[in-house]
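Worksheet: the structure to be examined is printed underneath.
The chains referred to below are lettered A, B, ... by the order of the sequence lines, with proteins before strands, and numbering in each begins at 1.
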Amino acid sequence: MEGDVVQMGAYIGAGLACTGMGGAAVGVGHVVGNFLSGALRNPSAAPGQMATMFIGIAFSEALGIFSFLVALLLMFAV
Amino acid sequence: MATEAADAANGAAESSVGMPQLDFSTFPNQVFWLVVTLVVIYLVLSRVALPRIAEVLAARQGAITSDIATAEELKQKAANAEEAYERALAEARAEAGRIAAEAKAEMQAEVDAAIERADAEIASRAAESEARIDEIRKGAAEAVRDVARSAASDVVAALGVKVDGAAIDAAVAAQMKG
Amino acid sequence: MATETRGEEGGLAFHPMDQFIVKPLFGDGPVGIVTITNVTFWMALAVLCVVALLVLGTRGRALVPTRTQSVAELAYGFVYRMVEDVVGKDGLRYFPYIMTLFMFIVFSNFLGLLPLSFTTTSHIAVTAVMAIVVFVTVTVIGFVKNGAGFFGLFWIEAAPLVLRPILAVIEVISYFVRPVSHSIRLAGNMMAGHAVIKVFATFAAIVAISPLSVLAIAAIYALETLVSFIQAYVFAILTCVYLRDALHPHH
């Protein structure tokens with residue numbers, strides 16, 4: 001019975017951790033959207049900033065991946 | 001836990017630890033093979049692949065540069081040839097113009113000369129004709145005088161009047177003058 | 001615990017993580033340090049692909065490249081420009097190193113997309129080793145090139161004096177978090193994509209939603225193809241960024 005409670009807690013925690021991925025999605029969308037609006041204003045400068053955009057995406061996406069990892073850990077490793 | 005055979009079938013033994021990524025017993029194996037892989041790739045790339053690609057790219061760059069230079073040279077040559085052609089054409093045109101002008105002048109001179117000659121001939125013929133007309137006129141006047149004198153002397157003789165020739169001449173001359 | 005869960009599932013069995021299991025290629029003994037495992041197999045395949053593309057593909061040294069050769073030159077030019085742009089001219093010495101990482105990751109990721117394949121880069125052990133190697137190398141290069149001046153990376157001259165110690169603490173922490181995020185980003189992306197494909201594939205067993213699930217697999221697969229490349233690119237470009245910090249800590 002106690003095991004079931006632990007498991008339930010773990011699953012609820014995993015589900016909660018998945019909300020972090022939504023945040024990462026918002027973040028990535030924000031980065032790309034702002035890049036795009038800037039690029040449309042000044043298309044000549046856009047190619048040079050492509051790398052910066054990808055770095056920004058990587059950083060904000062990493063946090064979503066962390067929450068995903070927490071969810072996985074809760075589901076499989078706790 | 002299931003038997004050995006079942007484990008091999010569904011991998012339950014391995015996955016019982018949860019995430020395979022956290023199965024620390026497989027870490028040394030992965031790390032070992034990763035290091036081997038990276039060293040092999042590094043050696044292959046740094047010894048063979050990258051120098052070769054760099055060489056190919058440099059060769060291509062060189063070829064492109066020399067091709068562009070050749071093209072530039074050929075273009076220059078073509079421009080020169082065109083310029084020479086234009087010059088030759090202009091020269092030929094000028095020559096043709098000159099020859100035409102010369103021919104025209106020559107012909108004009110000839111024509112002028114011919115006209116002059118014709119004019120001269122016409123003038124001489126006219127003068128000749130005039131002279132003959134004068135002569136004829138003079139001849140005619142002489143003839144009239146002769147006729148008048150002989151007629152006058154005949155008429156005078158018929159009238160029975162004795163008149164010398166000089167008086168008749170004078171009278172005829174006076175009449176003809178009038 | 002996971003085993004128990006699976007036992008209770010009945011008809012619909014979710015095994016999204018089974019594809020990441022490291023097992024010996026021949027027989028099933030314990031996994032020792034030099035055991036030939038599926039890790040070995042897929043890494044060897046990645047090596048073969050790199051050799052095929054970059055060595056065999058450029059064998060002709062043609063002035064007008066063949067298709068393979070132009071792909072190889074494209075990869076070369078891509079990484080070369082990245083190193084040149086991000087690190088600068090003095091970073092070109094480390095170009096083969098970054099090229100090695102990039103080619104290995106890109107081929108591991110793409111090979112991992114093949115059905116029934118094993119993704120070596122989805123394992124934290126693999127990515128952590130690469131990230132730690134990058135971290136140690138960069139730190140050593142930083143201290144060798146700049147001596148104590150490398151601490152200037154943490155002591156931000158542009159900030160007000162009061163804030164500098166606080167910023168220094170934050171900078172030090174972020175510096176040491178680098179290998180963690182660097183490795184988990186790659187492994188997590190690969191693991192997440194493959195696990196999601198596997199989950200959708202499990203749903204395909206239910207007849208009613210299987211068309212939807214197949215469509216979803218196709219969509220996720222396309223996304224994963226993109227992610228495979230972008231993660232390799234990001235890994236390489238972050239390595240370049242760290243290298244730049246090591247070479248010019250005051251920028």
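Separation of atoms OG (C:Ser183) and CD1 (C:Ile132) is listed at 7.0 Å; rounding is to 0.5 Å. Interatomic distance, C:Ile21 CD1 to C:Asn38 CG, rounded to the nearest 0.5 Å: 9.5 Å.
With a threshold of 4.5 angstrom between heavy atoms, A:Phe59 approaches chain C through its backbone and through its side chain. Contacts between A:Phe54 and chain C at a heavy-atom distance below 4.5 Å involve backbone atoms as well as side-chain atoms. For C:Ile184, the parts lying under 4.5 angstrom from a heavy atom of chain A are both the backbone and the side chain. For chain A, the nearby part of C:Tyr233 is the side chain; its heavy atoms alone come within less than 4.5 Å.
Here the side chains of C:Met191 and A:Leu72 are in contact, with some heavy-atom distance below 4.5 Å.
Highest contact tally toward chain A, considering only C:Ile230, C:Leu238, C:Asn189, is held by C:Asn189 [criterion: heavy-atom pairs under 4.5 Å].
In this structure, C:Phe102 and C:Phe229 have perpendicular ring planes: the angle between them is above 60°, well past the 30° mark.
The only member of C:Val133, C:Val126, C:Val134 that meets side-chain contact (heavy atoms from CB on, under 4.5 Å) when paired with C:Met130 is C:Val126.
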